[in-house]
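For the numbers below, each heavy atom of this structure counts, side chains included, while hydrogens, waters and symmetry mates do not. Small disclaimer: the values here were computed from a predicted structure and weren't measured.
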Amino acid sequence: MNTLVINAGSTTLKFKLFDHEYNTLLGGLLENDQGEFVFKLDKDGERHKWEIGAEGFIKAPELVLKEIGNHAIDRIGFRIVHGGEKYTKPVQINDTILEDLEKLNDL
């Protein structure tokens, strides 16, 4: 059972794919380097790097999914910046939680 964890910030997107024992299978990040986006991937003990220009976050999901390749994704964890006072620990997302989080967009 593999778990993909995503942490999307205002200028970076980080991800890791873990196996069922939470060993890292691969991970990487997309960062904005002076207006140009750079995608870096840690895979098989090596770091790979692609400069992807201004496309940045638009192209990031495609690159992540391409690199995950044949690894099955059974669960996805997504870090959000602020869950208010109500959501201070990990929760499984449902419609009610999404509605509550939408009310916190100003934060």
ask   = Who pairs with Ile76 by side-chain contact (heavy atoms from CB on, under 4.5 Å), at least two apart in sequence or on another chain?
value = Leu4, Ile6, Ile73
Side-chain cluster (under 4.5 Å, hydrophobic types only) that Phe18 belongs to, other residues = Val5, Tyr22
task = Using atom types as modelled and distance alone, determine if a side-chain donor or acceptor of Asn2 lies under 3.5 Å from a backbone N or O of Asp74.
result = no
remark   = Hits for salt bridge (charged side-chain N to carboxylate O under 4.0 Å, His left out) against Lys86, two or more places apart or cross-chain, chain-then-number order -> Asp100
request  = For side-chain contact (heavy atoms from CB on, under 4.5 Å), just list the numbers for Asn7 and Phe15, CA-CA rounded to whole Å, side-chain angles, deciding distance to a tenth of an Å, and then say yes or no.
outcome  = CA-CA 6 Å; Asn7 177 353; Phe15 75 95; over 6 Å; no
remark   = Correct closest heavy-atom pair for Thr96 and Asn94 would be N-OD1, 3.0 Å
note = CZ (Arg75) and OG1 (Thr3) are apart, to the nearest 0.5 Å, by 3.5 Å
ask   = What residues, two or more places apart in sequence or in another chain, satisfy side chain to side chain donor-acceptor pair (under 3.5 Å) together with Thr24?
value = none
request  = Indicate yes or no: at least one non-hydrogen side-chain atom of Ile93 is less than 4.5 angstrom from one of Phe78.
outcome  = no
key: Pairwise salt bridge (Lys or Arg N to Asp or Glu O under 4.0 Å) hits with a residue in residues 14-29, at least two apart   = none
task = Name all residues meeting the side-chain contact (heavy atoms from CB on, under 4.5 Å) criterion together with Thr88; count only those two or more places apart in sequence or in a different chain, and write none if there are none.
result = none
inquiry  = Please enumerate all residues that pass side-chain contact (heavy atoms from CB on, under 4.5 Å) together with Asp95, with sequence neighbours excluded.
reply    = none
